[in-house]
Enquirer: 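Input: one structure, supplied below.
What you see is a predicted model; the values in this text were computed from it and never measured.
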Amino acid sequence: MDNMFTNLPHFLIGIGLALLILEVMMGFTTILLLTLGISMMLASGLMYIGILDEELLDAFIAIAVIDSVLTFVLWRPMKLLQRDRAPKEVKSDWIGTQFELESDVAPGEPGKARFSGVVWSVKSSSILKKGATAEVVKVEVGVLHVEPV
């Protein structure tokens, strides 16, 4: 423990790198580890060049301030990177499969159907009545696009 207090900049760089590696391994799912790791490394750099004293309280204050600024600046761009922009199309062996609809389906009104043990939202570019046989032409996450047979 004496080494941490005598060589605080090295300790902060090590912990900062560990947090950044953990964030990369988790696939950038949290923003906190990224900003905290960067702020620890920046505080360590400030100690190396002599702007910041090598004291624990100064390090905590600097890390908190840098982390707050980084979180404020990076929050929106990181959230935009994590958000899905469009429905994901699934490459499926179900394309071409036929089944009976359990509800009416129209272009603006999706229906529901039980297919392969799952209740799916069903969309179509034409009007289909309940009980009609439909063929799967496209699969998205939770959505089957169908056409009449």
Enquirer: Once you round to the nearest 0.5 Å, how far does CE of Met40 lie from CG of Leu17?
Expert: 11.0 Å
Enquirer: Search all heavy atoms of Leu52 against all heavy atoms of Ala62 and return the closest pair with its distance.
Expert: CD2-CB, 3.5 Å
Enquirer: Can you tell me how far NZ of Lys123 sits from CG of Leu144, rounded to the nearest 0.5 angstrom?
Expert: 11.0 Å
Enquirer: Can you list the residues that meet the side chain to side chain donor-acceptor pair (under 3.5 Å) rule with Glu100, with sequence neighbours excluded?
Expert: none
Enquirer: Take Glu147 and Glu135, measure what side chain to side chain contact (heavy atoms under 4.5 Å, CB included) needs, and give me the verdict at the end.
Expert: CA-CA 5 Å; Glu147 294 295 326; Glu135 181 178 351; 5.5 Å; no
Enquirer: Please list all pairs passing the ring-ring contact (aromatic ring centres under 6.0 Å, His included) test where one or both residues lie in residues 43-69, with sequence neighbours left out.
Expert: His10-Tyr48
Enquirer: Can you confirm whether Ser39 sits close enough to Leu36 that some side-chain heavy atom of one is under 4.5 Å from a side-chain heavy atom of the other?
Expert: yes
Enquirer: Do Trp75 and Thr35 come close enough that some side-chain heavy atom pair is under 4.5 Å?
Expert: no
Enquirer: Could you state the interatomic distance from CG (Leu101) to NZ (Lys130), rounded to the nearest 0.5 Å?
Expert: 10.5 Å
Enquirer: Quick one: side chain to side chain contact (heavy atoms under 4.5 Å, CB included) partners of Val119, sequence neighbours excluded?
Expert: Lys112, Arg114
Enquirer: For Val105 and Val122, which heavy atoms make the closest approach, and how far apart are they?
Expert: CG1-O, 3.7 Å
Enquirer: Decide whether Leu70 and Leu32 are clustered together by the hydrophobic rule: side chain heavy atoms of Ile, Leu, Val, Met, Phe, Trp, Tyr closer than 4.5 Å, transitively.
Expert: no
Enquirer: Once you round to the nearest 0.5 Å, how far does OG of Ser44 lie from CD1 of Ile63?
Expert: 9.0 Å
Enquirer: Taking all atoms of both residues into account, what is the closest heavy-atom pair of Leu8 and Glu54, and its distance?
Expert: CD2-C, 4.4 Å
Enquirer: Under the side chain to side chain donor-acceptor pair (under 3.5 Å) test, which residues partner Ser121, sequence neighbours left out?
Expert: none
Enquirer: Check whether any side-chain heavy atom of Pro107 sits under 4.5 Å from a side-chain heavy atom of Ile127, and report yes or no.
Expert: yes
Enquirer: Between Met26 and Leu74, is there shared hydrophobic-cluster membership here, with clusters defined by ILVMFWY side-chain heavy atoms closer than 4.5 Å?
Expert: yes
Enquirer: Among residues at least two apart in sequence or on other chains, which ones pass side chain to side chain contact (heavy atoms under 4.5 Å, CB included) with Leu57?
Expert: Ile61
Enquirer: Val139 and Val143: same hydrophobic cluster, using ILVMFWY side-chain contacts below 4.5 Å?
Expert: no
Enquirer: Measuring only between side-chain heavy atoms, which start at C-beta, is Asp104 closer than 4.5 Å to Leu128?
Expert: no
Enquirer: Taking only residues two or more places apart in sequence, or in another chain, which ones meet Val118 in a side chain to side chain contact (heavy atoms under 4.5 Å, CB included)?
Expert: Trp120
Enquirer: Mind checking what makes side chain to side chain contact (heavy atoms under 4.5 Å, CB included) contact with Ala64, not counting sequence neighbours?
Expert: none
Enquirer: Testing Val65, Val69, Thr71 for side-chain contact (heavy atoms from CB on, under 4.5 Å) with Asp67, which one passes?
Expert: Thr71
Enquirer: Taking Phe99 as the fixed residue, which of Val136, Val149, Thr133 is the one that meets the side-chain contact (heavy atoms from CB on, under 4.5 Å) rule?
Expert: Val136
Enquirer: If you define the side chain from C-beta out and look only at heavy atoms, does anything of Leu33 sit under 4.5 Å from Leu20?
Expert: no
Enquirer: Hey, could you give me the CD1/CD1 distance between Ile38 and Ile66, rounded to the nearest 0.5 Å?
Expert: 11.0 Å
Enquirer: Give the other cluster members for Ile21, using side-chain heavy-atom distances under 4.5 Å between Ile, Leu, Val, Met, Phe, Trp and Tyr residues; answer none if it is isolated.
Expert: Met25
Enquirer: Once you round to the nearest 0.5 Å, how far does CG of Asp58 lie from CD1 of Ile51?
Expert: 13.0 Å
